[in-house]
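Below: the structure, in structure tokens.
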Amino acid sequence: MRYHNLTNITKLNDNQVFVFGSNEGGIHGKGAAYTARKHFGAQLGVGVGPTGQSYAIPTKDENLKVLDIITIAHRVSMFIFYTMQFPKKEFVVTAIGCGLAGFKPEEMAPLFKDAGENVVLPNIWKPIIDKSKKE
């Protein structure tokens, strides 16, 4: 995996996928989910998985209640498995769960520690993931 310092992403290369935190109802009304809908083809009503040039990882349920960390971890594992099927794509991950869902980077970053080389994570997660790999 690699890391990025990107903020307010509105353009990607053709081989890149915007990965964002969503809700299971696929409302995509705020934050990175809104960006995914506006710029990267995330479809309303699709709150999990790929649509357009984006991939949704839910951190909230269909009623906008925050999901528990175990459920989110399962969805992240599904995402990591998905990325293995597309080694030529580059998945640019936002700081999922650290905005509207209210999780701390220390809670979310370790969920991505097994991501492959084609996954690009927020730079603020690097020291957290490095530490979790040592434990």
Side-chain angles (χ1 to χ4, degrees):
M1 81 192 75
R2 297 184 322 260
Y3 296 90
H4 69 79
N5 274 328
L6 304 173
T7 57
N8 300 321
I9 302 167
T10 58
K11 294 185 185 209
L12 294 172
N13 295 328
D14 289 343
N15 71 319
Q16 293 178 309
V17 177
F18 184 80
V19 183
F20 65 101
S22 68
N23 59 73
E24 293 176 326
I27 297 168
H28 310 322
K30 293 182 181 178
Y34 177 76
T35 299
R37 180 168 59 93
K38 184 175 179 184
H39 297 285
F40 304 116
Q43 294 177 4
L44 289 174
V46 181
V48 182
T51 59
Q53 194 176 0
S54 65
Y55 189 101
I57 298 176
T59 58
K60 294 184 177 184
D61 69 14
E62 63 278 352
N63 298 312
L64 306 183
K65 181 179 177 239
V66 176
L67 296 169
D68 62 83
I69 197 81
I70 294 169
T71 301
I72 297 170
H74 175 69
R75 296 298 175 89
V76 171
S77 293
M78 289 171 50
F79 162 71
I80 291 171
F81 180 77
Y82 179 82
T83 67
M84 291 178 199
Q85 313 309 304
F86 299 94
K88 295 198 185 298
K89 289 198 178 281
E90 183 176 81
F91 296 87
V92 181
V93 179
T94 62
I96 291 170
C98 298
L100 299 171
F103 288 97
K104 295 178 181 161
E106 293 78 13
E107 295 171 290
M108 296 306 295
L111 303 180
F112 291 83
K113 73 180 180 183
D114 296 324
E117 288 299 314
N118 62 335
V119 177
V120 186
L121 300 174
N123 197 44
I124 60 166
W125 287 3
K126 184 177 183 344
I128 300 163
I129 290 175
D130 288 348
K131 182 181 176 187
S132 72
K133 283 185 171 185
K134 292 176 185 174
E135 294 175 351

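From a predicted model like this one, the values you see are computed outputs, not experimental measurements.
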**Qualifying residues under ring-ring contact (aromatic ring centres under 6.0 Å, His included), relative to Tyr34, sequence neighbours excluded** = none
**Asked** Who pairs with Phe40 by ring-ring contact (aromatic ring centres under 6.0 Å, His included), at least two apart in sequence or on another chain?
**Response** Phe18
Interatomic spacing from [atom1] in [X] to [atom2] in [Y] - rounded to 0.5 Å:
X	Y	atom1	atom2	answer
Asn118	Asn15	CG	CG	10.0 Å
Ile57	Ile96	CD1	CD1	3.5 Å
Asn13	Lys89	CG	NZ	11.5 Å

**Message:** I need the full list of side chain to side chain donor-acceptor pair (under 3.5 Å) pairs touching residues 36-51, with sequence neighbours left out, sorted by first then second residue.
**Reply:** none
**Item:** Of all pairs that satisfy side chain to side chain donor-acceptor pair (under 3.5 Å), the ones with a partner from residues 90-107, not counting sequence neighbours
**Value:** Arg2-Glu90, Gln16-Glu90
**Side chain proximity check, Ile9 to Thr35, heavy atoms < 4.5 angstrom** = no
**Message:** I'd like to know if the side chain of Ser22 and the backbone of Gly47 have a donor-acceptor N/O pair within less than 3.5 Å.
**Reply:** yes
Tell me whether [X] shares a hydrophobic cluster with [Y], the cluster being built from Ile, Leu, Val, Met, Phe, Trp, Tyr side chains joined at under 4.5 Å.
X	Y	answer
Val119	Phe20	no
Ile80	Ile70	yes
Met108	Val48	no
Leu44	Val19	no
Val76	Val93	yes

For [X] and [Y], which heavy atoms make the closest approach, and how far apart are they?
X	Y	answer
Ser54	Ala36	CB-CB, 4.2 Å
Ser132	Lys113	OG-CD, 3.7 Å
Gly31	Leu100	N-CD1, 4.2 Å
Leu67	Pro58	CD1-O, 3.6 Å
Pro110	Pro105	CD-O, 3.9 Å

**Request:** Please name all residues satisfying side-chain contact (heavy atoms from CB on, under 4.5 Å) with Tyr3, sequence neighbours left out, ordered by chain then number.
**Result:** Met1, Leu121, Asn123, Lys126, Ile129, Asp130
**Request:** Measure centre to centre between the rings of Tyr55 and Phe91, then say whether the value is under 6.0 Å.
**Result:** no
Where at least one partner belongs to [range], residue pairs that pass salt bridge (Lys or Arg N to Asp or Glu O under 4.0 Å), sequence neighbours excluded:
range	result
residues 40-59	none
residues 8-25	Glu24-Arg75
residues 41-65	none
residues 26-36	none

**Request:** Kindly write out the residues that satisfy side-chain hydrogen bond (donor to acceptor under 3.5 Å, both in side chains) with Asp68, not counting sequence neighbours, or none if the list is empty.
**Result:** Thr71
**Asked** What pairs meet the ring pair (Phe, Tyr, Trp, His ring centres under 6.0 Å) rule with one or both residues in residues 116-135, with sequence neighbours excluded?
**Response** Phe112-Trp125
**Message:** Run the side-chain contact (heavy atoms from CB on, under 4.5 Å) test on Val17 and Phe86 for me, step by step, so that the C-alpha distance in whole Å, both residues' side-chain angles and the decisive distance to 0.1 Å come before the verdict.
**Reply:** CA-CA 11 Å; Val17 177; Phe86 299 94; over 6 Å; no
**Request:** Output the rest of the hydrophobic cluster of Leu64: all Ile, Leu, Val, Met, Phe, Trp and Tyr residues reachable through side-chain heavy-atom contacts under 4.5 Å, sorted by chain and number.
**Result:** Ile27
